[in-house]
2 protein chains.
Amino acid sequence: MAQDGPAKKQPKTRTTQTRIQRKNTAVLFDAALAVFSTHGFRGATLDQIASAAGMSKPNVLYYFRSKEAIHTALLEKLIETWLDPLRALDENGEPLDEILAYVRRKLSISRDHPRESRLFANEILQGAPRIRSVLSGELKQLVDEKAAVIQRWSDAGKIRDVDPVHLIFSIWSLTQHYADFDAQVHAVLGEETDPYPAAQHYLESLFTRMLSH
Amino acid sequence: MAQDGPAKKQPKTRTTQTRIQRKNTAVLFDAALAVFSTHGFRGATLDQIASAAGMSKPNVLYYFRSKEAIHTALLEKLIETWLDPLRALDENGEPLDEILAYVRRKLSISRDHPRESRLFANEILQGAPRIRSVLSGELKQLVDEKAAVIQRWSDAGKIRDVDPVHLIFSIWSLTQHYADFDAQVHAVLGEETDPYPAAQHYLESLFTRMLSH
DNA sequence: GTCTATAAGGGGATAGAC
DNA sequence: GTCTATCCCCTTATAGAC
């Protein structure tokens, strides 16, 4: 739903895309993700995106009406992926297992999709100008809902007493750290080291000790 | 040591600054910190910095030879402040107290100096192009040293077994989250809420449960 | 020390040929 | 659908008067 297709004169209908359109928008999304995630919105240039996508600058603007449109489309495309791991937290599951599984899902995202993580980090760091409404709408609602679940687990004595919202914040920060601060993590551990196995063990141990009686 | 004074023709000696120079560079640092921390290096403009400092653009460039020079000077000025809280971790103190005190120092920095936190976050997020040598030099050395301290505490049975480097990473990520992701924290908690009292309680509880027998 | 004016180049977006 | 050429604004930095 994110991309708006050819900007002005859609060649076919607006619902049907040719194979070449589909392929080009996919290539463009990947290129834009690479460039925006490392340089931020204003630091990124259409030249960089075009050359990363292997096409000319005007051709990029044939698919998206502006630099802003690419960025917005990217964020919208990713936002659901970003919320899904928390959505999957199941009140009927075993509480500690559910939380550890959520931690593992988030850590996997940092490992497998670090650029997406840095794209969001860039956006939020700068005050979330383009996604503030999503944060205070969809995201807040989801957090409130899942915080209530955690609170009930805690009230029922199934996990130790804990502030549910700050628990969620801590899962976000601990897992996303390995993607967002990758440069620092590798500066400390050495470029060769894969931090994820040790990170997973550390985080499972941390949340287990904190939450189990 | 960071600023290089008037760029080309230092008016007096290079070691002595006039009162007006001292005042202007201080004002400039504050303005630059505000602008760079919210927009990143390339997103920031000299116009924004100049107007935030209440001076004209050429006047800004009278004090620093380039935009890059302002940014570098800022980072250099802040780096020691950034490392000091970890330096203060004392092997001879009571282990859990030392770690909790470090957590509190870091959390206070997020609360009192969020712009500095976001400046570093921006820099590291973009691959730390301008401070990579500090990270793999001074910072790595300090982390190695303090990780060894924590390892000895752990070996001596004074705290529970823990990966010392990931423990340090977790303190960084958990505390800096409240400054760097301020926009998200407030979107979830509401603009009026001060997250820090609850954050401090949550984090103390987290590390106490994780580290004490 | 501070200003106005301006040079020089980068970067987003469009025109129009193919 | 894709390209070359180009427009024009924004931004960094300098020149030179006061």
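Here is the naming used below: chain letters follow the sequence lines, and residue numbers restart at 1 for every chain.
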*Using a cut-off of strictly less than 4.0 Å, decide whether A:Asn59 has a side-chain nitrogen or oxygen near OP1 or OP2 of D:dC3.*
yes
*Would you kindly give the CD-to-P distance between A:Glu68 and C:dG11, to the nearest whole Å?*
18 Å
*Atom pair distance, as rounded to whole Å: OH in B:Tyr62 and P in D:dA15*: 16 Å
*Answer yes or no: does a side-chain N or O of A:Ser66 lie under 4.0 Å from OP1 or OP2 of C:dG12?*
no
*Distance-only donor-acceptor check, side chains B:His166 and A:Tyr178, under 3.5 Å*: yes
*Atom-pair distance (NZ on A:Lys23; C1' on D:dG1), nearest Å*: 12 Å
*Look at B:Thr18 and C:dG1 and indicate whether a side-chain polar atom (N or O) is within less than 4.0 Å of OP1 or OP2.*
yes
*So, are B:Glu91 and B:Lys146 salt-bridged, with charged N and O less than 4.0 Å apart?*
no
_Length of the line joining A:Asn24:CG and D:dT2:C1', which is rounded to integer Å_ = 10 Å
*Hey, does the side chain of A:Tyr63 come within less than 4.0 Å of D:dT2's phosphate (OP1/OP2), counting only N and O?*
yes
_Is the distance from the ring center of A:Phe207 to that of A:Tyr102 below 6.0 Å?_
no
*In whole Å, what is the span from the CZ atom of A:Arg22 to the P atom of D:dG1?*
11 Å
*State whether A:Arg115 and A:Asp30 are salt-bridged, where the test is any N-O pair (Lys NZ or Arg NE/NH1/NH2 against Asp/Glu carboxylate O) under 4.0 Å.*
yes
*Tell me which nucleotide among D:dG1, C:dG12, D:dA13 gets nearest to the side chain of B:Leu46.*
D:dA13
_Looking at A:Thr45, I'd like to know whether one of its side-chain N or O atoms comes within less than 4.0 Å of OP1 or OP2 on C:dG10._
no
_Distance in angstrom units between B:Lys57 NZ and C:dA7 P, rounded_ = 15 Å
*State the CD-CG distance between B:Gln200 and B:Leu107, to the nearest 0.5 angstrom.*
6.0 Å
*Using heavy atoms to find the nearest nucleotide of DNA chain D for A:Pro58 and A:Arg19 separately, return the residue whose nucleotide is more 5′.*
A:Arg19
*With the threshold set at 4.0 Å, does a side-chain nitrogen-carboxylate oxygen contact exist between A:Glu138 and A:Arg87?*
yes
_Rounded to whole Å, how long is the line connecting atom CG of B:Leu61 with atom P of C:dG1?_
16 Å
*Using whole Å, report how far CZ of B:Arg65 lies from P of D:dA15.*
15 Å
*Tell me, which of residues 33-44 of chain A have any heavy atom that sits under 4.0 Å from an atom in DNA chain D?*
A:Arg42
_Nearest 0.5 Å, please: how far is CG in A:Leu75 from CZ in A:Arg130?_
8.0 Å
